[in-house]
Asks: 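This is the structure I want to talk about, given as structure tokens.
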Amino acid sequence: MASIENFNFAGKKAIVRVDFNVPLDENGKITDDTRIRGALPTLKKILSDGGSLIIMSHMGKPKGKVNPKMSLSQIKDAVAQALGTDVAFAEDCATADDMAAALKPGQVLLLENLRFHPEEEGKPVGIDKEDPAYADAKKEMKARQTEFAKHLASYADVYVNDAFGTAHRRHASTAVVADFFDNDHKMLGYLMEKEVKAVDNVLNNIKRPFTAIMGGSKVSTKIGIIENLMDKVDNLILCGGMTYTFAKALGGHVGLSICENDKLDLALDIIKKAKEKGVNLVLGTDCVAADSFSNDANTMVCNVMEIPEGWEGLDAGPNTRKAFAAAILPSKTILWNGPAGVFEFDNFTAGSRAIADAVVEATKNGAFSLVGGGDSVACVNKFGLADEVSYVSTGGGALLEAIEGKVLPGIAAVKGE
Ligand code: AMP
């Protein structure tokens, strides 16, 4: 694998996979351009070296069909403005041969949404997984995917992957395309390098104590990560909706709180494993309960084991917040994924806020803190604290899979593994 910093792009055409899946309003205007800004260091380096750029991305889930609402033409001007140069647009990413061939140093071509072609994701369309013909359809689609990737590769001399958010997918543009470049002509972009380094810091370069904070709504979606982290962390804080599955498993009454009744044994198993491995498991003891799922609900603080009928726990209570902060403050490595309450409602942000404040404080005292996975990022943004933690990851699913210890196809393919 080459390194973007050391590679000289002068006179070269680089095809760069970025994540320009930016949110748009109903008029097709960008509401948050973080992802475009995130890719700029890589794109600008290529242009300033004297290379030309072919930018490719997905947007939304068009499921292999052209859908004007998900056209990247809507963001062409914003990309041009961010780069400070004109951007040409190829209306079909699969037939951009002439436009790519005509590119001169310093010029930029943006390809239309890759996912308008089913080959990008490589999944057969219009056939049920249970259908006996599915296996053959899948094989055929994989072959088409390889051809599609080969065609994309033919546009350029170099491949750069800077789309961490899709690195956990083996799509044509995120992984298969890399097979058509030798090791000296494929590399990770700057954003991707930063993500990989941040994950490495919390998985392989751990300074202790190491505290992981897992929140969000359900145990079931986080179990892989929780199990993986159990071998690594000193403190494991489990918060958010998960709290009530644990409380019920321990014999509590959780009222209307979110609770996965089929995961009670799993919760007990996590408690047992934490004990065996000497992990300090921190669970909520009190909560802010509400009499309806709304910001304006009546509230009361109660024990998580004794939530009255008709009430539901929507946030961590004051004692719990103190316990979370006590575990977080002395930590030297921190991973935070998932809020401690329904932070979207202003009246139920206190638990997440207490965590955010403690993470910021620990970071000031020298901890490395990684915040990632959709909602926790929204959470630190809501509190205006994104700049006060060590790293905010752009990857949701990709980050979680990396932390679970899985190999990400988008990274492995570039590394030539
Ligand atoms: P996840 O996608 O699993 O990370 O969950 C994030 C969501 O969990 C957020 O939208 C939160 O509002 C929600 N959440 C956190 N705590 C609770 C709770 N106590 N009850 C219901 N939802 C919660």
Side-chain angles (χ1 to χ4, degrees), residues 23 165 168 212-227 229 236-249 252-263 266-267 270 282-308 310-321 323-324 335-356 359 370-383 392-404:
H168 57 317
I213 309 145
M214 290 285 138
S217 52
K218 292 177 175 172
V219 190
S220 50
T221 54
K222 306 270 159 99
I223 185 63
I225 308 153
I226 292 173
E227 291 199 325
L229 287 171
L236 179 60
I237 296 176
L238 297 181
C239 55
M242 281 188 247
T243 308
Y244 310 98
T245 303
F246 281 87
K248 184 151 182 191
H253 297 278
V254 297
L256 290 178
S257 307
I258 188 170
C259 177
E260 288 176 281
N261 286 316
D262 59 335
K263 295 289 178 289
L266 186 68
I270 291 172
V282 189
L283 293 167
T285 51
D286 60 353
C287 68
V288 180
D291 62 355
S292 70
F293 189 80
S294 97
N295 190 42
D296 305 320
N298 294 308
T299 62
M300 67 168 150
V301 171
C302 61
N303 189 308
V304 294
M305 306 288 281
E306 295 161 11
I307 300 173
W311 290 69
E312 56 190 310
L314 293 188
D315 198 6
N319 289 334
T320 300
R321 285 175 233 152
F324 288 173
L335 169 70
W336 181 17
N337 170 267
V342 184
F343 77 101
E344 296 92 337
F345 296 153
D346 287 346
N347 292 333
F348 300 96
T349 54
S352 304
R353 178 81 212 201
I355 290 175
V359 172
L370 168 60
V371 180
D375 278 315
S376 18
V377 175
C379 205
V380 289
N381 282 337
K382 178 166 178 151
F383 301 145
V392 177
S393 174
T394 56
L399 176 75
L400 299 186
E401 288 198 17
I403 292 166
E404 268 182 63

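Each ligand, and each atom within it, is numbered from 1 in the order the structure gives.
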Asks: What protein heavy atom lies closest to atom 8 (O) of ligand 1? Include the residue and the distance to one decimal.
Replies: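 Here the nearest protein heavy atom works out to Ser217 N, 3.3 Å.
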Asks: Between the candidates Ser352, Gly341, Ala340, which shows the shortest non-hydrogen contact distance to atom 14 (N) of ligand 1?
Replies: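 When every heavy atom of Ser352, Gly341, Ala340 is considered, Gly341 comes closest to atom 14 (N) of ligand 1.
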Asks: How about Thr320 and Val304: do any of their side-chain heavy atoms sit closer than 4.5 Å?
Replies: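 Contact flag for Thr320/Val304 side chains = no.
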Asks: Is Arg353 paired with Asp346 through a side-chain N to carboxylate O contact shorter than 4.0 Å?
Replies: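 No, no charged N to carboxylate O under 4.0 Å.
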Asks: So do Val377 and Ser393 actually touch side chain to side chain, heavy atoms under 4.5 Å?
Replies: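 No, side chains not in contact.
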Asks: In ligand 1, which numbered atoms sit nearer than 4.0 Å to a non-hydrogen atom of Tyr244?
Replies: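 Answer, ordered by atom number: 19 (N).
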Asks: Starting from atom 20 (N) of ligand 1, what is the nearest protein heavy atom, named by residue and atom, and what distance separates them?
Replies: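 For this ligand atom, the closest protein heavy atom is Ile258 CG2, 3.6 Å.
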Asks: Which atoms form the tightest heavy-atom contact between Ala340 and Asp315, and what is the distance?
Replies: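 Shortest heavy-atom separation between Ala340 and Asp315 comes out as O-OD1, 3.7 Å.
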Asks: Could you tell me the residue and atom name of the protein heavy atom closest to atom 2 (O) of ligand 1, and the distance to it rounded to 0.1 Å?
Replies: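 Atom 2 (O) of ligand 1 sits closest to the protein heavy atom Asp375 OD2, 3.6 Å.
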Asks: Among all protein heavy atoms in this structure, tell me which lies nearest to atom 4 (O) of ligand 1, with the distance rounded to 0.1 Å.
Replies: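 So the nearest neighbour among protein heavy atoms is Lys222 NZ, 3.1 Å.
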Asks: Could you find the nearest protein heavy atom to atom 22 (N) of ligand 1 and give me its residue, atom name and distance?
Replies: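 For this ligand atom, the closest protein heavy atom is Val342 CG2, 3.6 Å.
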Asks: Looking only at protein heavy atoms, which one is nearest to atom 19 (N) of ligand 1, and what is the separation?
Replies: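 Looking only at protein heavy atoms, the one closest to atom 19 (N) of ligand 1 is Gly313 O, 3.0 Å.
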Asks: If you define the side chain from C-beta out and look only at heavy atoms, does anything of Cys302 sit under 4.5 Å from Trp311?
Replies: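 Counting from C-beta outward, Cys302 and Trp311 never come under 4.5 Å.
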Asks: Look at atom 11 (C) of ligand 1 and say which protein heavy atom is nearest, naming residue and atom and giving the distance to 0.1 Å.
Replies: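 Nearest protein contact, heavy atoms only, for atom 11 (C) of ligand 1 is Glu344 OE1, 3.6 Å.
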Asks: Can you confirm whether Asn347 sits close enough to Thr299 that some side-chain heavy atom of one is under 4.5 Å from a side-chain heavy atom of the other?
Replies: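 In short, these two side chains do not touch, never coming nearer than 4.5 Å.
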Asks: I'd like the name of whichever of Pro339, Gly241, Gly396, Gly215 reaches closest to atom 18 (C) of ligand 1 through any heavy atom.
Replies: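 Ranked by closest heavy atom to atom 18 (C) of ligand 1, first place is Gly241.
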Asks: Is there side-chain contact between Ile270 and Leu238, with heavy atoms separated by less than 4.5 Å?
Replies: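 Contact flag for Ile270/Leu238 side chains = yes.
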